[in-house]
Amino acid sequence: MDSCSAVEKELERVLSKFAAINEHSTKIIGDVLSHFTELQQHIAEGTEANAELTAGQVVILKDALSKTKEKLQRLTADHRDLHGTVSKVGKAIDRNFVSDFTATSRTDVFTSERNIQLLNTVIAQHFYRQGMEDVADMLIKESSLQHDEISIEPYAELHRTWEAIHNRDLAPALQWATHYSDKLEAKHSALEFKLHRLAFMQILSRGIEAQKEAIAYARTYFSKFVHRFQKDIQSLMGTLMYLPIGIQNSPYRHLMASEMWIEAADSFIKDACSVLGINKDSPLSVVVNAGCTALPALLNLKQVMLSRQVMGIWNGRDELPIEIDLDPDNRYHSIFACPILRQQSSDDNPPMKLICGHVISRDALNKLSSGPILKCPYCPMEQSPQDARLISF
């Protein structure tokens with residue numbers, strides 16, 4: 001963010017200077033044009049047609065040309081200075097952003113055919129999730145993938161429904177919410193109510209003649225939400241009082257805003273994925289977001305390693321050389337850290353459960369073992385290291 005702010009400041013400085021020069025030059029050129037127009041009229045009024053200019057008129061004209069030339073030279077100088085300000089934007093981008101990321105990546109990962117196919121599969125899945133079926137189909141065709149290898153449902157259905165909400169078509173979303181009503185209720189989701197609220201306001205948007213239909217819709221669908229959304233339903237009923245003058249002219253005009261539709265569409269994707277037990281973000285977007293989060297720390301590490309002439313810190317490694325903290329949304333499994341060695345568990349160093357119930361890592365178990373006897377570091381129980389059991393999260 002600091003880098004973006006630094007570039008933004010330079011860009012704002014350029015735009016401000018552009019606006020100032022444009023305003024100043026427009027005024028100068030307008031003044032010159034007006035001056036010459038007046039001068040032309042003055043000369044035309046004081047002389048006959050095709051008559052030569054008098055000595056006084058020649059002096060006035062030369063003075064006007066001299067002042068005009070001086071003003072144009074100043075405008076040219078201002079324009080020349082603007083080029084220097086524009087070039088500073090490019091320098092700010094080069095100074096605050098790194099274009100070479102080769103030292104923070106492993107190109108050998110995609111040398112195998114299997115990994116390339118996995119990458120193509122992930123990209124194709126992402127395109128299907130975004131509703132770009134034609135692009136995904138072309139990628140599958142050119143990369144020799146098989147359609148049955150790529151799971152696109154229920155993402156395709158969810159995207160179509162999400163797109164329909166944005167297009168003010170609530171039928172698919174209401175049908176889906178009705179089908180999963182019990183599960184939405186169990187998760188305390190407000191999605192179904194938000195959709196019915198939009199449908200109610202959509203009826204009222206037709207004017208006073210739709211009043212009876214709106215009341216009938218409210219009696220049919222709002223009764224099940226009274227215990228959770230009583231105040232919201234009261235507000236919806238209050239809109240009926242303003243039908244003669246139009247809801248757009250009432251205190252409830254926010255219920256007709258486009259933001260309500262955007263919120264409902266986002267809620268649909270979030271709650272639908274939660275109900276179906278799937279992730280709302282594609283693996284590709286998750287990887288890209290995680291990479292963008294980790295990149296600044298890796299670039300700083302790169303600079304330190306280069307200054308100390310330490311090369312190849314990523315070669316042959318299956319993990320990052322430093323720990324990167326990601327957002328809680330990017331954690332998908334339990335993580336065990338050994339309370340003794342303060343290390344996260346791995347395939348080579350898994351968590352081990354002792355007879356007493358305490359859990360430590362295998363490396364800690366080996367280091368604490370003294371012959372056939374192991375004393376738990378958290379309780380006085382003595383036991384055999386062989387009795388420890390592997391735990392899988």
Side-chain angles (χ1 to χ4, degrees), residues 125-133 136 150-243 247-248 250 252-282 285 329:
Q125 286 178 340
H126 178 78
F127 285 137
Y128 278 124
R129 281 174 175 242
Q130 302 300 315
M132 303 169 67
E133 289 88 354
I150 301 176
S151 175
I152 61 174
E153 295 290 347
Y155 298 110
E157 177 190 356
L158 296 184
H159 184 272
R160 286 192 293 268
T161 306
W162 174 85
E163 197 171 47
I165 296 175
H166 278 284
N167 294 330
R168 308 298 174 94
D169 179 11
L170 293 170
L174 284 171
Q175 183 179 0
W176 187 95
T178 302
H179 183 267
Y180 291 98
S181 179
D182 294 338
K183 293 184 178 180
L184 290 172
E185 184 78 18
K187 291 183 175 292
H188 304 285
S189 169
L191 173 63
E192 192 174 2
F193 172 72
K194 290 180 179 179
L195 294 174
H196 284 298
R197 180 175 60 186
L198 287 176
F200 178 81
M201 297 305 298
Q202 203 170 36
I203 295 173
L204 290 185
S205 65
R206 300 204 299 267
I208 188 67
E209 64 274 6
Q211 182 176 14
K212 290 184 178 180
E213 182 183 351
I215 294 174
Y217 189 92
R219 288 174 175 172
T220 303
Y221 296 105
F222 285 162
S223 58
K224 64 180 294 187
F225 303 110
V226 171
H227 65 289
R228 291 183 58 196
F229 304 102
Q230 181 178 357
K231 292 185 177 180
D232 296 279
I233 294 175
Q234 289 174 348
S235 297
L236 291 172
M237 294 299 101
T239 59
L240 298 172
M241 299 172 55
Y242 293 90
L243 280 179
I247 299 177
Q248 294 289 0
S250 73
Y252 302 105
R253 57 182 175 272
H254 65 280
L255 296 174
M256 306 283 288
S258 58
E259 288 78 5
M260 303 293 288
W261 292 86
I262 297 174
E263 179 191 0
D266 293 341
S267 296
F268 170 77
I269 287 294
K270 180 181 178 182
D271 293 348
C273 290
S274 177
V275 166
L276 298 177
I278 57 179
N279 186 28
K280 66 182 182 67
D281 298 317
S282 69
S285 62
D329 294 339

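Small disclaimer: the values here were computed from a predicted structure and weren't measured.
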Item to complete: Calculate, to the nearest 0.5 Å, the distance between atoms CD1 and OG1 belonging to Ile269 and Thr161 respectively.
Response: 8.0 Å
Fill in: Partner set under salt bridge (charged side-chain N to carboxylate O under 4.0 Å, His left out) for Lys224, not counting sequence neighbours
Glu192
Worksheet item: Are the side chains of Arg197 and Met260 in touch, meaning some heavy atoms are under 4.5 Å apart?
Response: yes
Discussion item. Nearest 0.5 angstrom please: His126 NE2 to Ser285 OG, how far?
Written reply: 6.0 Å
Worksheet item: For the side chain of Thr178 and the backbone of Leu174, is there at least one donor-acceptor N/O pair under 3.5 Å apart?
Response: yes
Fill in: Validation row: Phe127, Glu133 side chains within 4.5 angstrom (heavy atoms)
no
Worksheet item: Taking atom CZ of Arg219 and atom OG of Ser223, what is their separation to the nearest 0.5 Å?
Response: 11.5 Å
Discussion item. With rounding to the nearest 0.5 angstrom, report the CZ to CG distance, Phe200 to Leu240.
Written reply: 4.5 Å
Worksheet item: Is the CD atom of Gln234 crowded by more than 12 outside heavy atoms at less than 6.0 Å?
Response: yes
Discussion item. With side-chain hydrogen bond (donor to acceptor under 3.5 Å, both in side chains) as the rule and sequence neighbours excluded, what pairs involving residues 254-268 come up?
Written reply: Lys194-Glu263, Lys194-Ser267
Worksheet item: Above 12 or not: heavy atoms from other molecules or residues under 6.0 Å from CE of Met237?
Response: yes
Fill in: side-chain hydrogen bond (donor to acceptor under 3.5 Å, both in side chains): pairs with one or both residues in residues 201-217, sequence neighbours excluded
His196-Tyr217, Arg206-Glu213
Fill in: Inter-residue atom distance Leu236.CG - Leu204.CG, 0.5 Å rounding
8.5 Å
Worksheet entry | Nearest-0.5 Å distance that lies between atom CZ in Arg160 and atom CG in Asn167 | 14.0 Å
Fill in: Sequence-distant partners of Ala216, side chain to side chain contact (heavy atoms under 4.5 Å, CB included), two or more places apart
none
Item to complete: Kindly give the heavy-atom pair with the smallest separation between Ala272 and Leu158, and that separation in Å.
Response: CB-CD2, 3.9 Å
Worksheet entry | Where Met256 and Ile247 come nearest, the two heavy atoms and their spacing | CG-CG2, 3.9 Å
Pairs under 3.5 angstrom only: tabulate donor-acceptor contacts from the side chains of residues 183-190 to other protein residues two or more places apart or in another chain.
unit_1, atom_1, unit_2, atom_2, d
Ser189, OG, Leu191, N, 3.1
Ser189, OG, Asp271, OD2, 2.6

Fill in: Residue pair Leu195 / Ala177: nearest heavy atoms and the distance that separates them
CD1-CB, 3.9 Å
Practice prompt. Enumerate the residue pairs fulfilling ring pair (Phe, Tyr, Trp, His ring centres under 6.0 Å) with a member in residues 161-184, sequence neighbours excluded, ordered by first and then second residue.
Written response: His159-Trp162, Trp162-His166, Trp176-Tyr180, Trp176-Phe268
Worksheet item: Looking only at heavy atoms, what is the nearest atom pair of Asp232 and Phe193, with distance?
Response: CB-CZ, 3.6 Å
